[in-house]
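Here is the structure we will look at.
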Amino acid sequence: MLDLKKIIEGNLYHLNVEMVEVCYAIIDYVSVGPTKKSHLSFMDLYRISPKVDEEIFYDAVFYLTRKNINVLTQEFEALDPKYGFKQVPDKAQILEDMRNEEFFNPFTGKALTEEEFGEQVLSYFTPSFEFVRKLND
């Protein structure tokens with residue numbers, strides 16, 4: 001775990017102190033029993049985070065998903081009318097649609113307003129495979 005923190009410290013040196021504190025809190029939380037934490041919502045992560053400005057919190061969470069950091073993997077689930085919320089089959093399509101500000105339900109194909117999209121397509125996080133592997137080294 002110490003080696004992992006050193007690797008991460010090398011990548012966090014340019015961030016502001018509050019963002020680093022949020023990153024460390026999330027890393028510490030995810031490091032304990034990571035296989036049991038495969039569905040972490042923003043609210044789950046916010047509860048264990050030091051209280052900072054919302055923008056700093058979100059920036060820290062997304063920073064941990066960067067390929068060079070690779071602590072968290074962002075996933076999506078969407079409302080399937082027959083089965084409730086299910087993991088989205090094409091994460092890349094969701095990201096592309098969000099970038100283009102085109103909002104659809106991935107299971108029905110129905111066009112959605114941005115607000116409806118926010119209610120029907122939810123983001124969650126899981127410890128990345130690489131992070132879990134490094135923990136076990």
Quick one: pull up [atom1] in [X] and [atom2] in [Y] and give me the separation to the nearest 0.5 Å.
X: Ile27; Y: Ile69; atom1: CD1; atom2: CD1; answer: 8.0 Å
X: Met98; Y: Glu114; atom1: CE; atom2: CD; answer: 8.5 Å
X: Asp97; Y: Asn105; atom1: CG; atom2: CG; answer: 11.0 Å
X: Asp28; Y: Tyr24; atom1: CG; atom2: OH; answer: 9.5 Å
X: Asp80; Y: Gln87; atom1: CG; atom2: CD; answer: 13.0 Å

For Leu122, the hydrophobic cluster (side chain heavy atoms closer than 4.5 Å, chained through members) also holds Leu79, Phe85

Please write out which residues are connected to Tyr83 in a hydrophobic cluster, directly or through intermediates, given that two of Ile, Leu, Val, Met, Phe, Trp, Tyr count as joined at side-chain heavy-atom separations below 4.5 angstrom.
-> none

Can you list the residues that meet the salt bridge (charged side-chain N to carboxylate O under 4.0 Å, His left out) rule with [X], with sequence neighbours excluded?
X: Lys110; answer: none
X: Glu96; answer: Arg99
X: Arg47; answer: Asp44
X: Asp90; answer: none

Can Glu77 and His39 be counted as having a side-chain donor-acceptor contact under 3.5 angstrom?
-> yes

Answer with yes or no whether the side chains of Gln74 and Ser123 bring together a donor and an acceptor at under 3.5 Å.
-> yes

Partners passing ring-ring contact (aromatic ring centres under 6.0 Å, His included) against Phe107 (at least two apart in sequence or in another chain) = none

Please name all residues satisfying ring-ring contact (aromatic ring centres under 6.0 Å, His included) with Phe117, sequence neighbours left out, ordered by chain then number.
-> Phe103

Show your working on side chain to side chain contact (heavy atoms under 4.5 Å, CB included) between Phe104 and Leu112 and close with a plain yes or no.
-> CA-CA 5 Å; Phe104 299 91; Leu112 303 171; 5.6 Å; no

Sub-3.5 Å donor-acceptor pair from the side chain of Asn70 to the main-chain atoms of Arg66, do we have one?
-> no

With sequence neighbours left out, the residues meeting side-chain hydrogen bond (donor to acceptor under 3.5 Å, both in side chains) with Glu102 are none

Pairwise side-chain contact, Leu72 with Leu45, heavy-atom cut-off 4.5 Å (strictly under) | yes

Show every donor-acceptor pair shorter than 3.5 Å between a side-chain atom in residues 51-59 and any protein atom, with sequence neighbours excluded, or say none if there are none.
| unit_1 | atom_1 | unit_2 | atom_2 | d |
| --- | --- | --- | --- | --- |
| Lys51 | NZ | Tyr46 | O | 3.0 |
| Lys51 | NZ | Ser49 | O | 3.3 |
| Asp53 | OD2 | Glu55 | N | 3.1 |

With sequence neighbours excluded, what pairs up with Thr113 under the side chain to side chain contact (heavy atoms under 4.5 Å, CB included) test?
-> Glu115, Glu116

For Tyr29, what residues pass the side chain to side chain contact (heavy atoms under 4.5 Å, CB included) criterion, not counting sequence neighbours?
-> Lys37, Leu40, Ile48

State plainly whether one hydrophobic cluster holds both Val71 and Tyr124, where clusters connect Ile, Leu, Val, Met, Phe, Trp and Tyr through side-chain heavy atoms under 4.5 angstrom apart.
-> no

Identify whether Leu135 and Ile26 are in the same connected component of the hydrophobic contact network (ILVMFWY, side-chain heavy atoms under 4.5 Å).
-> yes

Determine, using ring centers only, whether Phe125 and Phe42 are less than 6.0 Å apart.
-> yes

Which pair of heavy atoms, one from [X] and one from [Y], lies closest together, and at what distance?
X: Val121; Y: Ala78; answer: CG2-CB, 4.0 Å
X: Val88; Y: Ile94; answer: CG1-CG1, 3.5 Å
X: Ser38; Y: Pro127; answer: CA-CD, 4.3 Å

